[in-house]
Amino acid sequence: MNIIEILLFVTAVASVISFGIWQGRSTASDGSGAASGYFLAGRHLTWYLVGFSLIAANISTEQFVGMSGKAADWLGMAIASYEWFAAITLVFVAFVFLPKFLKTGIYTVPEFLEYRYDPFSRQVMALATLVILVGVPTASVIFSGAKVISGYYPDVPLLGNLTASCWLIALLAAGYVFVGGLKACAWTDLIWGASLIVGGGIVAWLAFDALGSAEATMLAKTATLKNIDINQLEQAGAWQRFQMLNAGTAAEGGKLHMVRPINDPEIPWSALIVGLWIPNFFYWGFNQYIVQRTLGSKSLAEGQKGIVFAAFLKLLIPFVVVIPGILAFNLYSEQLASATGNYDYDGAFPTLLRNLIKPYPWISWFVLAAIFGAIVSSLASMLNSASTIATMDLVRKYAPGIPEEKLPAWGRAFVVIFVIIGALIAPSLSAPEFGGIFTFIQEFQGFISPGVIAIFLFGLLVPRAPRFLGWSGIVLNACLYGLIKWWLGDIVVDAGLWLSDEISFLDRMAICCFLVLVYCALMTIVRPLPAPVELPVNADMDMTNSPSVKIAGIAVVLLTVLLYVLFW
């Protein structure tokens, strides 16, 4: 245990959280109203706060543990599609969804469903979102964060214990969102988001440096193609070694391809056509804990600038998360091996930290603080969003007489409740039946995401779609997804009607989304509304577009296409 490292780490974390609390407390005097001030930062967020907050809320140990773990396993670069598809999705969100959301003045995504469909649709989505948000990503971030901390400090009291680390992370995140709400999250995210990119870059650089100096015979054991030339590997530089060790076609197990075979159990090429877009559009367009940052924008132009800026940053993430995950297996496969002969792939990034940055306390404190900040900021964002939904979509609806100044108190109470639930669930996620933390999160969001995508597309693009589609589309999707996952999928595969040994969760999402869209189309034909729905208008929001943002958005899309060409 290095005292210098721990002192600098604790000082950095405490300073940033204190800064966030100070900024959050200033909301009460900005004249925006108690509810708006606590839940939406008074709708005063500028583009850089929106952009960095989106990244810090998104990038957490879900990526550093789960995504790097999948990269270390057979998926390799293919897992980066979640990041690079997100860049294109964000550009779409900025110019299609955000104007409609800001114009209505909503606090939550479920609130929009009430205006477009009916109050029951709002309640159904609010309850479904809370169950998924608290039980899945909130618990997962706590667990994966604790896995990093306990893996880095295995012999340190408290920090080395997985359950104790879960509670430590939960309490720290709940502390500052309890006091400062979204504004506290946004200002700490500004610091954590920037530090995260730099810290991840440091780990990637150290990993390549270690690869370049590692013994070739040891590295060759991790090569995809076993006929690798040891002498050629010995003479190669770090990047060439990376390519040689992970070479081969996707069918042969090569890890440098974005497109996987049709029989891949997680990301077959068929999922790139439809399936992968569903979690991306749900996450970035209709997921409260992400969308809440954009709803707090001071104007449409500021919100669009922030989203496009975040889209550009998403292009960088695979270089500091996915590639280091692949390198972790090349460098430390023996450390990842278990007594049963399997590998703890979720331990890839913690293993990198332990081997690469621990010897350098003057660097390690910064990297640890950045990663820990990412954990805490993501968790704080989830707690803030869950409390916003519980307060604005449930409490305010069932008890409309509660004064606005009392609503933040309800929000704070829900923060406490939700963080306790998440911390109680988190330690159990270490069980192997969950199949890795990243798969666990994506899998269970499939019960809601395809249905939400379908009803929002119809709600936004088909003015006469009937009102009952809002709740019925969500319920239908949950039933279909469960039916395919636990019964019908096995029947289809056993009958030889599928191209692989199982229907991947992304393909299940695509099937469910298609069926719900068909249902919505049929119901619209049979029972169309007599007149288009009129949505409310927030007259105080500046809805002026920024022409320069459109150019930047096009540039992000073109860069994404270029990256796919390079790693096809």
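Numbering of residues begins at 1 and proceeds along the displayed sequence. Model, not experiment: these values are computed from the prediction.
Each of Tyr289, Tyr82, Phe85 was compared with Tyr283 under the ring-ring contact (aromatic ring centres under 6.0 Å, His included) criterion, and only Tyr289 meets it. With Leu383 as reference, Phe418 is the one residue of Phe178, Phe418, Phe414 to meet the side-chain contact (heavy atoms from CB on, under 4.5 Å) rule. With Phe112 as the partner, the ring-ring contact (aromatic ring centres under 6.0 Å, His included) test is satisfied by one option alone out of Phe101, Phe97, Tyr107, Phe286: Phe101.
Atom CH2 of Trp239 has more than 12 heavy atoms from other residues, nucleotides or ligands within 6.0 Å.
A donor-acceptor pair under 3.5 Å links the side-chain atoms of Trp277 to the main chain of Leu272, judged by distance alone. Put simply, the side chain of Ser297 never gets that close to the backbone of Leu300: no donor and acceptor are under 3.5 Å apart. A distance-only check finds a donor-acceptor pair linking the side chain of Asn538 to the backbone of Asp540 [under 3.5 Å]. Looking only at distances, a side-chain donor or acceptor of Asn477 sits under 3.5 Å from a matching main-chain atom of Phe447. Remark: side-chain polar atoms of Tyr345 are not paired, donor with acceptor, to backbone N or O of Trp74 under 3.5 angstrom. Of the possible polar contacts, none joining the Tyr115 side chain to the Pro536 backbone as a donor-acceptor pair under 3.5 Å is found. Lys255 contributes no side-chain N or O that, together with a main-chain N or O of Ala78, makes up a donor-acceptor pair within less than 3.5 Å. Checked by atom type and distance alone, the side chain of Trp84 pairs as donor or acceptor with a backbone atom of Leu315 at under 3.5 Å. In this structure a side-chain-to-backbone donor-acceptor pair under 3.5 Å is present from Gln288 to Val109. The backbone N or O of Ala86 lies less than 3.5 Å from a partner atom in the side chain of Asn280, making a donor-acceptor pair.
At a threshold of 4.5 Å between non-hydrogen side-chain atoms, the residues Phe567 and Met77 count as touching.
For residues 551-565, every residue pair satisfying the side chain to side chain donor-acceptor pair (under 3.5 Å) rule, not counting sequence neighbours, is listed here: Ser81-Tyr564.
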For this session: Would you check, one step at a time, whether the test ring-ring contact (aromatic ring centres under 6.0 Å, His included) holds for Phe281 with Phe92?
Result: CA-CA 9 Å; Phe281 271 104; Phe92 190 89; 5.3 Å; yes
For this session: Quick one: do Arg122 and Thr108 satisfy side chain to side chain donor-acceptor pair (under 3.5 Å)? Show the steps, please.
Result: CA-CA 10 Å; Arg122 178 179 183 177; Thr108 69; 4.6 Å; no
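Side chains of Ser385 and Gln292: a donor on one and an acceptor on the other come within 3.5 Å. Of the N and O atoms on the side chains of Ser121 and Arg116, not one donor lies less than 3.5 Å from an acceptor on the other residue.
Tyr48 and Phe309 have their aromatic ring centers separated by at least 6.0 angstrom.
A cation-pi contact, defined as under 6.0 Å to the ring centre and within 45° of the axis, links Arg508 to Tyr481.
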